[in-house]
Amino acid sequence: MISLSDLEDIFASGGKLSQKLPSYENRPDQLSMAEDVALCYNENRKGVIEAGTGIGKSYAYLAVALVNARDNIEEKTVIATSNVALQQQLINKDLPSLEKILDLDIPYALLLGRGRYVCVSKMLDAVNSFKGRESKLFEEAESAQDKIYAWFRTTETGIMEELEHRLLRASFASNIRSDKDTCLKQRCPHINKCFYYNAVQKANSSRLIITNHALLFIDSYIRGTGNEGFDESVIIPSYNRLIIDECHNIDKSATEFFSLSMSGEMVRESYKKLFTVTYRQKNGMHLADMITSFRKGITADDARAFSVSLTQFTSEACILLKSLVSDRDRRLFLSECLVSDTEEDFDSTKKELVSQLLVTLDEILRLFRLFLEGLDGKDMGEDEMYLNLASSVFSEYEEYHEVLSSFYHHGENDSLVCYYRFSPDDESAVMCVSPVSVADKLNDYIFSKLDTVVCTSATVKTGKNFNYFLRQVGLGNTQDLVTGFYPSPFDYSTNAMLLFPVKGNFMRFAASDKDNYAIYLADMISQSVKASEGSALVLFTSREMMERVYALVKDTIELPLLIQKGGTSTNLLRKKFLSEKNSILFGLRSFWEGIDVPGDSLRLLIITQLPFPHIQDCIMRARSRQLEKEEKSPFLFISVPEMLITLKQGLGRLIRSESDRGVVIIADGRTSRYIEAIRNCLPPYYIPDEDSLDTASFAQKIENFLF
């Protein structure tokens, strides 16, 4: 039982934090949040807590988890976040600092999915291929291979996200990731140096485990489908307490996890795994040859049929995927569209082709099962690795079957949405199947199974309550739900000014008038950043609009101007923004959240467009149709709440400490229409008299406020 006195001893005025942390400022709401988390622990309840910037939410929940671990040595707490930077902050800064302050020695660990770690065996095998250059690696370090190997020689975690973004995108990086299909496990000569194996071992002996949302979903799904409780170790060791930070992302993260897809590249890659990789230790056999030799008595006819069916499926599937989306569809929908919206009617032109593919795939799966049936990895000896790889490829073909079957029956199941994704650079489309809602899955696999689940974020409320979040994640009917709302303690009314157009020369964003909107933004941005003397972050919702505006202002703004280009590392761009005095950064979605720009480096934040969900988002459209059947407004029940959450995340970049001071401009002329809902979600910004909110006067207002 975590007592109130335990928490007061930590957080209250004169408590351990104030005694041992020189920069600590007593915040009553931090103590109140810790009490909410403790209530969830003590009474085995679920909780949803919004804690604004400056509350210190990570210390609030970590302190409770540490005290619980101190008093209950058999219990484990898992803390899941979606942001790599927050994971690193928790494991490298917050937990060590808090343990020292509280004089505790609770073992904790960071555990991510296997594919996030470099495989020592693969890395060393790769090194042998350029062995003659090894002595020059640290001196030259020019190629991706050189730089990755230099990192490998010094890394303590083996987590590949430590690498620069451009190195992560290199093909060499994908070839050295750890994966379960090729893992030799205890037979690997480098098992004692394996980063993933050591991370698992450390997590097994820890009582606090930091992980990400993705691994949380994978682990929970395996438990749920395998009827295994949380008292058993699966991927994550057994645990009974869960804290989900950055919980505003779990709906999107879970939807992505439970989605299935099939692309030409995926189908070709599955085929390559079977037929184009040779294994010298098996006399140059392909994996397909080994599969058919695993079981004695397999006929030559079955082996031949397996090969012919796989070749036929690969060829016909790739042809189908190239024919699904026309040039007209690409112009009209840009990146994705529902199966029912394409130029050609799916049922009359594609359904028969899908049916034929399913027949071929049924034969592939039948033979695959025949070859693998009854085989046990424990009895396979050195062939266990190949069996694992074969089982993995079998699962890939099962997924293709599920995707094709869902498309064949599209429209018959209201809980699924079938759609295509495509890009200008690829003729082939991707067939996608997603759940319309993940609420039941999250409730069935996570919330209903654990003693304690605490969801927290700086952006959970949409308006005056948590209803939207609760409905999306399956907590809407939870009894005795613990809720808490703790706004930022910073003085926004003095230190932050909010400007939005009410009068004067402004525009409401309209997709049909992008050219004029870009000209309007370019003029407003140029005047505003001149008034702020730079130190400005300009957030866009569209790469196309960002590039239009950049082209208009790049020769007129004399201050350093940065833009987020495709493949650019967000972290490196942020560092450049911080280092180049008075610079201006044009950024996209990755800069709307999780980016901390402290102090005078950021004085002006411009939101170019209210971040409503894209009208072509297929999952949103499917959810909208369900609401329409219930005679509810999709705009009010989805679009506005989603816009408010994203807007709050974006505005959260500006004021990060008590001394920060800055100006926000929401340039979209529609803002005044939603200002009441926006105000209900935001801290109390200083807003000048609305009668004076003329865009022509923004520059003067910025200059007067900042200087």
Side-chain angles (χ1 to χ4, degrees), residues 331-336 462 498-529 536-554 563-564 584-593 604-618 620-621 624 633-654 663-679 681-682 685 687 690 693-699 702:
R331 290 192 304 271
L332 185 61
F333 297 107
L334 300 180
S335 63
E336 64 179 50
T462 51
L498 173 62
L499 301 175
F500 56 94
V502 174
K503 297 178 64 179
N505 181 27
F506 70 89
M507 293 187 69
R508 291 181 172 86
F509 174 80
S512 60
D513 197 11
K514 293 178 181 177
D515 289 335
N516 284 329
Y517 196 74
I519 294 169
Y520 154 72
L521 285 177
D523 180 61
M524 174 181 283
I525 290 167
S526 296
Q527 294 185 42
S528 299
V529 299
L537 175 61
V538 186
L539 295 177
F540 291 83
T541 60
S542 157
R543 180 177 295 278
E544 179 191 9
M545 182 59 69
M546 179 178 72
E547 291 174 347
R548 284 176 186 246
V549 175
Y550 180 79
L552 292 170
V553 303
K554 65 180 181 178
I563 183 170
Q564 184 179 6
I584 300 142
L585 171 60
F586 283 18
L588 293 166
R589 183 60 189 259
S590 56
F591 277 93
W592 283 74
E593 62 178 282
L604 175 64
L605 174 67
I606 300 177
I607 305 290
T608 57
Q609 180 187 341
L610 288 174
F612 284 103
H614 198 286
I615 58 173
Q616 292 182 5
D617 185 302
C618 292
M620 289 296 178
R621 290 179 65 192
S624 296
S633 166
F635 186 73
L636 294 178
F637 276 80
I638 297 179
S639 296
V640 172
E642 284 290 324
M643 179 272 288
L644 292 172
I645 288 173
T646 308
L647 181 64
K648 287 169 69 177
Q649 282 292 329
L651 296 183
R653 301 314 97 213
L654 183 65
V663 177
V664 171
I665 297 177
I666 305 178
D668 195 330
R670 298 172 294 178
T671 305
S672 57
R673 188 187 309 169
Y674 305 105
I675 193 60
E676 184 177 351
I678 291 172
R679 277 175 160 167
C681 286
L682 299 181
Y685 284 83
I687 302 176
E690 291 191 14
L693 288 178
D694 185 327
T695 54
S697 69
F698 280 7
I702 292 169

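Within the structure, the side-chain hydrogen bond (donor to acceptor under 3.5 Å, both in side chains) test picks out the following pairs touching residues 663-673 (sequence neighbours left out): Asp668-Arg670.
Distance check, rounded to the nearest 0.5 Å: CG of Leu682 to CD1 of Ile687 gives 8.0 Å. The distance from the CE atom of Met546 to the CD1 atom of Ile563 is 4.0 Å, given to the nearest 0.5 Å. A distance of 8.0 Å separates CZ in Arg548 from OG in Ser542, rounded to the nearest 0.5 Å. A distance of 11.0 Å separates OH in Tyr517 from CZ in Arg508, rounded to the nearest 0.5 Å. Considering CE of Met643 and OG1 of Thr541, their distance stands at 12.0 Å, rounded to 0.5 Å. Interatomic distance, Ser528 OG to Leu604 CG, rounded to the nearest 0.5 Å: 6.0 Å.
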Please report the C-alpha distance between Ile665 and Ile702 in whole Å, then the side-chain angles of each, then the deciding distance to 0.1 Å, and finally whether the side chain to side chain contact (heavy atoms under 4.5 Å, CB included) criterion is met.
CA-CA 10 Å; Ile665 297 177; Ile702 292 169; 3.7 Å; yes
Under the criterion side chain to side chain contact (heavy atoms under 4.5 Å, CB included), I'd like the reasoning laid out for Val640 against Thr462: C-alpha separation, chi angles, the key distance, then a yes or no.
CA-CA 8 Å; Val640 172; Thr462 51; over 6 Å; no
After noting the C-alpha distance and the side-chain angles of Phe500 and Ile678, does the key distance pass the side chain to side chain contact (heavy atoms under 4.5 Å, CB included) rule?
CA-CA 12 Å; Phe500 56 94; Ile678 291 172; over 6 Å; no
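The minimum heavy-atom distance linking Pro613 with Glu642 is given by the pair CG-CB, 3.5 Å. When all heavy atoms of Ile638 and Ser624 are compared, the pair lying nearest together is CD1-N, 3.9 Å. Between Pro611 and Leu647, the shortest heavy-atom contact is CG-N, 3.7 Å. For Cys681 against Leu644, the heavy-atom pair with the smallest separation is SG-CD1, 3.9 Å. Contact between Ala667 and Leu521 at its shortest, heavy atoms only, is CB-CD2, 3.7 Å.
For Phe612 and Tyr674, the distance between ring centers is under 6.0 angstrom.
Counted by atom type alone, Ser590 and Gln564 present one or more donor-acceptor pairs between their side chains at under 3.5 Å.
Thr646 is listed as a side-chain neighbour of Arg589, based on a closest heavy-atom distance under 4.5 Å. Residues Gln609 and Met545 have side chains not in contact (no heavy-atom distance under 4.5 Å, counting atoms from C-beta outward).
Between the Gln616 side chain and the Leu332 main chain, a donor and an acceptor come within less than 3.5 Å of each other. The closest donor-acceptor contact from the side chain of Glu336 to the backbone of Cys618 lies under 3.5 Å. In this structure, the side chain of Thr608 engages the main chain of Leu539 through a donor-acceptor pair within 3.5 Å. Judged by distance alone, with hydrogens and angles left aside, the side-chain atoms of Trp592 form a donor-acceptor pair with the main-chain N or O of Phe540 at under 3.5 Å.
Just one residue in the list Val549, Leu552, Val553 forms a side-chain contact (heavy atoms from CB on, under 4.5 Å) with Ser526, and that residue is Val553.
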